[in-house]
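Heads up: the structure comes next, in structure tokens.
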Amino acid sequence: MENRPVRVRFAPSPTGPLHIGGVRTALYNYLFARQHGGKMILRIEDTDQTRFVPGAEAYIVEAFQWLGIQFDEGVHIGGSYGPYRQSDRKDLYRQYADYLITHGWAYYAFDTPEALDAKRKEFEAEKRTFQYDCTTRSMMANSISLGIEEAQRRIASGQPYVVRFQFPENIDITVHDLIRGEVTMNSRLLDDKVLFKSDGMPTYHLANIVDDHLMEITHVIRGEEWLPSAPLHVMLYQAFGWQAPEFAHLPLLLKPEGNGKLSKRDGDRLGFPVFPLEWHDPKSGETSSGYREQGYLPQAVVNMLALLGWHPETDQELFTLDELTAQFSIGHISKNGAKFNVDKARWFQHEYFQKLPLSEVADMLEAQVKEHQATASRSYIEQVASLMRERITFPSELWDTCCYFFTAPTAYDPAAIKKRWKPGMTIHMAKVIDLLRTKPFEYEALHKALLDDYIAANGLNTGSIMNSLRLAVVGKTVGPDMLTLVMMLGKEETIRRVQRAIDTIGEVAE
Ligand code: GLU
């Protein structure tokens, strides 16, 4: 077991925007680090220059800033184990590849892409799958089959080569995983992965292990897709004689239907983002939507992601980051994939929107009121925000849901006219105006005058009259309690609106 101070890392490759599965991985690392008073590191793994995408690193940093997931060390803030970008550490990996060769854990391989392809085809013709491993390496051009002198001669003459890991034949390699228990694989099934490439750069496998060691990482918490690589990593630690970290491979984030990994296409198909922030792909020019731009609150995204794979001991669903930190445990992470649930994501968003300080909701509404060239006092805006927020999930819905508090309707819903504006309605509406003019403009007084003394006393249809009044004031049959709305709009504005509806809709035939 680990007894060193906890240090974990999130180590994305800057190959595009950060998938929310990656955000969840980072979140679990963060919670684990905080819980153990440890350190959380952001390391950029950019050794594969062919997959490098400009802007991806900045995107990653910005996404975590938005989400409130803070790192203790990393590419954007430095730290005493830097540099934290692998391309800036380029020169230090070579010596480790050399060490492995000298100690019989790795070898030089000269096979050209064409030669590898030819070998693959040869195997396919015999209905076999080619893998560069302990059973096939003798057929290939490498320092084992050719001998080290010939290999040195080729290297001296400038022939390109890679360095491959040399798995011992037929040994069982066991990965102790904190989520999955012991996972054992036989070395015969594992291919001699390339550790160092002909372009002078290490591959992910070598750089990842060297950096985890040099950065004194104690726990590697990462996606399940890396489990097949874990035996190689365990062997590399053994080969170097280094203490291996603890491993925890997180379950996949699955499509809402549960069959397969959640992809960007699922998001497009079902209308939800799979990235924290909007992303403009510099190559294709394509834009992918982001949680931030769709109006999600970072707290909602964090809470939703925390529960996709981790189960608290109680049925509590709403957690602050501090509560998550206190309750999170790797032991309660599921082995099975977690199905993404769009409705649940919206539910979290709705809940967190309700928790925002009223002044923040009012700020958002105020901005939209201005955008629509309407004016209102701050206290009125706050009143509207307080009355209406429970109907709102996303900030963008504020204006549409509340516009009639600020501007009179310019049209009336035809279906509602048909359903509610019965013959004689202009007379009832004229009566409403009359009551507004003559009765004290107070909720209770108006309620009594309209609902009891006029509607009930005359045996009139409450629904038809109140909904027609709503139609006149709002334009459609939605909104809060009718008389509350009337009180907020004020006497004159209500009268104006009702009069306008009478004039516009007019009397309808029997
Ligand atoms: N660079 C790897 C990635 O992009 C990191 C995997 C790991 O955490 O070991 O996911």
Side-chain angles (χ1 to χ4, degrees), residues 2-18 22-23 25-100 163 195-197 199-223 226 229 233 236-237 240-248 276-277:
E2 278 292 345
N3 48 16
R4 300 178 282 173
V6 166
R7 290 176 56 83
V8 296
R9 82 309 194 264
F10 180 59
S13 298
T15 54
L18 185 60
V23 174
T25 299
L27 173 64
Y28 287 9
N29 273 284
Y30 171 88
L31 295 174
F32 185 77
R34 286 289 162 275
Q35 188 168 63
H36 291 88
K39 297 277 187 256
M40 162 80 166
I41 291 129
L42 177 61
R43 183 173 76 221
I44 296 293
E45 301 205 326
D46 60 347
T47 54
D48 188 350
Q49 304 279 292
T50 59
R51 296 181 62 219
F52 176 81
V53 174
E57 182 184 309
Y59 175 100
I60 291 166
V61 168
E62 194 182 337
F64 288 120
Q65 267 156 3
W66 177 66
L67 288 159
I69 296 177
Q70 280 161 6
F71 291 84
D72 301 294
E73 296 166 29
V75 69
H76 55 315
I77 45 175
S80 42
Y81 291 76
Y84 294 92
R85 187 184 296 110
Q86 288 183 330
S87 55
D88 295 339
R89 304 168 65 80
K90 186 170 180 270
D91 296 337
L92 67 82
Y93 302 111
R94 172 82 231 195
Q95 57 187 297
Y96 294 98
D98 289 344
Y99 174 94
L100 293 173
V163 175
L195 300 177
F196 205 83
K197 296 174 288 180
D199 64 1
M201 283 290 252
T203 59
Y204 152 74
H205 300 290
L206 180 65
N208 184 272
I209 268 50
V210 167
D211 286 349
D212 279 352
H213 171 69
L214 296 177
M215 295 182 183
E216 297 182 24
I217 299 302
T218 56
H219 296 79
V220 166
I221 303 169
R222 62 184 174 189
W226 298 104
S229 303
H233 298 174
L236 279 167
Y237 282 103
F240 285 120
W242 294 336
Q243 179 178 357
E246 300 271 351
F247 289 99
L277 316 179

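Just so it is clear, the values below take in all heavy atoms, side chains as well, and ignore hydrogens, waters and symmetry mates. If you read the sequence from its start, that first residue is 1, and numbering goes on from there.
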What are the two closest heavy atoms between P276 and A63, and how far apart are they? CG-CB, 3.7 Å
Anything under 30° is parallel, anything over 60° is perpendicular, the rest tilted; go ahead and classify Y237 against W242. perpendicular
Residue of the set Y204, F247, W226 for which ring pair (Phe, Tyr, Trp, His ring centres under 6.0 Å) holds with H233: Y204
May I ask you to establish whether R7 and Y81 are in a cation-pi arrangement, using a distance under 6.0 Å from NZ or CZ to the six-membered ring centre and at most 45° from the ring axis? yes
Please assess L236 against L195 for the test side-chain contact (heavy atoms from CB on, under 4.5 Å), listing each intermediate value before the final yes or no. CA-CA 10 Å; L236 279 167; L195 300 177; 4.2 Å; yes
May I ask you to check whether Q86 and D211 show a side-chain donor-acceptor distance below 3.5 Å? yes
Using the rule given for side-chain contact (heavy atoms from CB on, under 4.5 Å), can you reason through N208 versus R43, listing the C-alpha separation, both sets of side-chain angles and the distance that settles it, and then say yes or no? CA-CA 10 Å; N208 184 272; R43 183 173 76 221; 3.5 Å; yes
Kindly indicate whether the side chain of L206, heavy atoms from C-beta on, has any atom under 4.5 Å from the side chain of L100. yes
Working to the nearest 0.5 angstrom, can you tell me the gap between R85 CZ and K90 NZ? 14.5 Å
So, do M215 and Y84 sit near enough that their side-chain heavy atoms are less than 4.5 Å apart? yes
Examine F196 together with Y93 and report whether their ring centres are nearer than 6.0 Å. no
May I ask you to check whether H36 and F32 place their ring centres under 6.0 Å from each other? yes
Just do the side-chain contact (heavy atoms from CB on, under 4.5 Å) check on L214 and L92 with the steps written out, would you? CA-CA 11 Å; L214 296 177; L92 67 82; 3.8 Å; yes
Stepwise, does the side-chain contact (heavy atoms from CB on, under 4.5 Å) test hold for Y30 with F10? CA-CA 9 Å; Y30 171 88; F10 180 59; over 6 Å; no
Looking at R94 and G200, would you say the former's side chain and the latter's main chain have a donor-acceptor pair under 3.5 Å? no
Is a side-chain N or O of D46 found less than 3.5 angstrom from the main chain of S87, in a donor-acceptor match? yes
Interatomic distance, S13 atom OG to E57 atom CD [nearest 0.5 angstrom]: 11.5 Å
Roughly how far, to the nearest 0.5 Å, is the CD1 atom of I41 from the CD atom of E216? 9.5 Å
OG1 of T218 to CG of D212: how many Å apart, nearest 0.5 Å? 10.0 Å
Spell out, as yes or no, whether a donor-acceptor pair under 3.5 Å connects the side chain of E62 to the backbone of Y59. no
Centroid-centroid distance, F64 to H76, less than 6.0 Å: no
Distance in Å, D48 CG paired with T15 OG1, rounded so as to fall on 0.5 Å steps: 9.0 Å
From E246 CD over to R4 CZ, what is the distance, rounded to the nearest 0.5 angstrom? 9.5 Å
At their closest point, which heavy atom of A26 faces which heavy atom of M40, and how far apart are they? O-CE, 3.3 Å
Between K197 (side chain only) and T47 (backbone N and O only), is there a donor and an acceptor less than 3.5 Å apart? yes
Side chain proximity check, H219 to P245, heavy atoms < 4.5 angstrom: no
